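Accompanying notes for the structure given below.
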Amino acid sequence: MEAISELRRQIENEDASNEQDAQKGKYMTFKSGNEYFGLEIQYVDEIIQFQTITAIPETEDYIKGLINLRGKVIPVVDVRLRFKQPPLEYNDRTCIIVIYVNSMLVGLIVEKIAEVVEIREENILPPPTIGRIDKAHHKYVYGIGKVEDGVKLLLDPDKLLNDDDLTVVEQVSEVNLVED
């Protein structure tokens, strides 16, 4: 019996390892402004249609508020506003990418989902140190992914929110834990 239990554990660990290997190098890409961004697929929990957002008073303008996703309260950030781009009216292509940020769920409002692409490590360059990209996105972008049709700015989800924003997210997460 003990041998069977050990074998099951090994298989489960192997399955988890295979899933991580399958996700390695894959990025969910989306459009914001004239640029395409990528998030490692391992950070993406799901993609949902845009829905009603409850505003949170006295927060940054890019923190649009909270949504209720199957009983979980999730803070939502407008990516365009976070990147200091002009606001855009939400439409039927607008969606929310639910991601893990510092082990908490956060929604990112994006103009439109592009595709899932594979970018090998050797095709990822460090971000440039001059120009507009450096000023607007440098703190969020950890690399430039070269793909067939151009480049994708690869985001570090943990840097999308500043310390004050994380406090709001943590408070919402604590509410979710109490309800569970």
Side-chain angles (χ1 to χ4, degrees), residues 19-51 53 59-65 67 69 74-170:
E19 187 175 320
Q20 286 176 339
D21 287 346
Q23 291 181 351
K24 189 166 178 62
K26 290 200 178 6
Y27 294 81
M28 167 64 61
T29 61
F30 62 90
K31 185 177 183 189
S32 183
N34 294 324
E35 299 162 3
Y36 283 88
F37 294 89
L39 285 165
E40 280 186 76
I41 203 87
Q42 71 186 22
Y43 290 104
V44 178
D45 184 59
E46 64 182 301
I47 299 165
I48 59 173
Q49 289 182 325
F50 188 80
Q51 57 186 272
I53 299 172
T59 58
E60 296 288 340
D61 64 338
Y62 57 84
I63 299 179
K64 298 311 282 183
I67 60 171
L69 183 62
I74 300 173
V76 180
V77 173
D78 187 314
V79 171
R80 286 184 67 87
L81 298 178
R82 183 63 176 127
F83 294 158
K84 308 275 190 250
Q85 296 171 336
L88 191 68
E89 192 172 319
Y90 303 139
N91 60 35
D92 62 340
R93 308 264 308 161
T94 306
C95 58
I96 299 173
I97 303 174
V98 180
I99 64 168
Y100 292 99
V101 176
N102 295 321
S103 72
M104 296 171 278
L105 288 175
V106 175
L108 301 179
I109 301 171
V110 299
E111 284 174 50
K112 76 175 195 178
I113 298 294
E115 61 186 333
V116 173
V117 296
E118 185 169 347
I119 305 174
R120 295 175 188 241
E121 237 177 274
E122 60 267 18
N123 291 330
I124 298 175
L125 306 170
T129 56
I130 58 170
R132 183 174 155 254
I133 291 174
D134 182 51
K135 292 176 186 164
H137 307 301
H138 183 67
K139 55 186 164 192
Y140 322 112
V141 175
Y142 75 87
I144 307 295
K146 296 188 299 184
V147 293
E148 292 174 12
D149 60 345
V151 296
K152 310 289 187 216
L153 302 175
L154 305 179
L155 298 176
D156 181 346
D158 293 334
K159 293 184 180 170
L160 280 175
L161 301 176
N162 64 38
D163 291 340
D164 292 339
D165 301 338
L166 284 174
T167 302
V168 170
V169 172
E170 287 168 354

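As the structure is a computational prediction, the values presented were derived from the model and not from experiment. For reference, positions follow the sequence shown, starting with 1.
The only option from Ile53, Ile67, Leu88 that meets the side-chain contact (heavy atoms from CB on, under 4.5 Å) definition with Ile109 turns out to be Ile53.
We find the NZ-CZ distance between Lys84 and Arg82 to be 6.0 Å, quoted to the nearest 0.5 Å. Residue Leu69 holds its CG atom at 6.0 Å from CD of Gln51, rounded to the nearest 0.5 Å. Rounding to the nearest 0.5 Å gives a distance of 4.0 Å between CD1 of Ile47 and CD1 of Ile113. The OG1 atom of Thr29 lies 8.0 Å from the CD1 atom of Ile119; values are rounded to the nearest 0.5 Å. Interatomic distance, Leu108 CG to Leu155 CG, rounded to the nearest 0.5 Å: 8.5 Å.
Val76 has its side chain out of reach of Val106: every pair of non-hydrogen atoms, C-beta onward, lies at least 4.5 Å apart.
Minimum interatomic distance between Val101 and Pro157 (heavy atoms only, all atoms of both residues): CG1-O, 3.5 Å. A pairwise comparison of heavy atoms in Tyr142 and Pro127 identifies O-CD, 3.3 Å as the closest pair. In plain terms, the two heavy atoms of Gly107 and Ile96 that are nearest each other are CA-CG2, 3.6 Å. Shown here for Pro75 and Leu105, the closest heavy-atom pair between the two residues is CD-O, 3.6 Å. Shown here for Gly143 and Val141, the closest heavy-atom pair between the two residues is O-CG1, 3.3 Å. Across Lys64 and Leu81, no two heavy atoms sit closer than the pair NZ-CD1, 3.9 Å.
Listed by first then second residue, pairs satisfying side-chain hydrogen bond (donor to acceptor under 3.5 Å, both in side chains) with a partner in residues 106-123 read Arg80-Glu111, not counting sequence neighbours. Pairs of residues two or more places apart, or lying in two chains, that qualify as side-chain hydrogen bond (donor to acceptor under 3.5 Å, both in side chains) and include a residue from residues 40-49 are Asp45-Tyr100, Glu46-Arg70.
Looking only at atom types and distance, the side chain of Tyr90 has a donor-acceptor partner in the side chain of Asp78 under 3.5 Å away.
Under the ring pair (Phe, Tyr, Trp, His ring centres under 6.0 Å) criterion, Tyr27 pairs with no residue, sequence neighbours left out.
Taking the six-membered ring for Trp and the full ring otherwise, Tyr140 and Phe37 have centroids separated by 6.0 Å or more.
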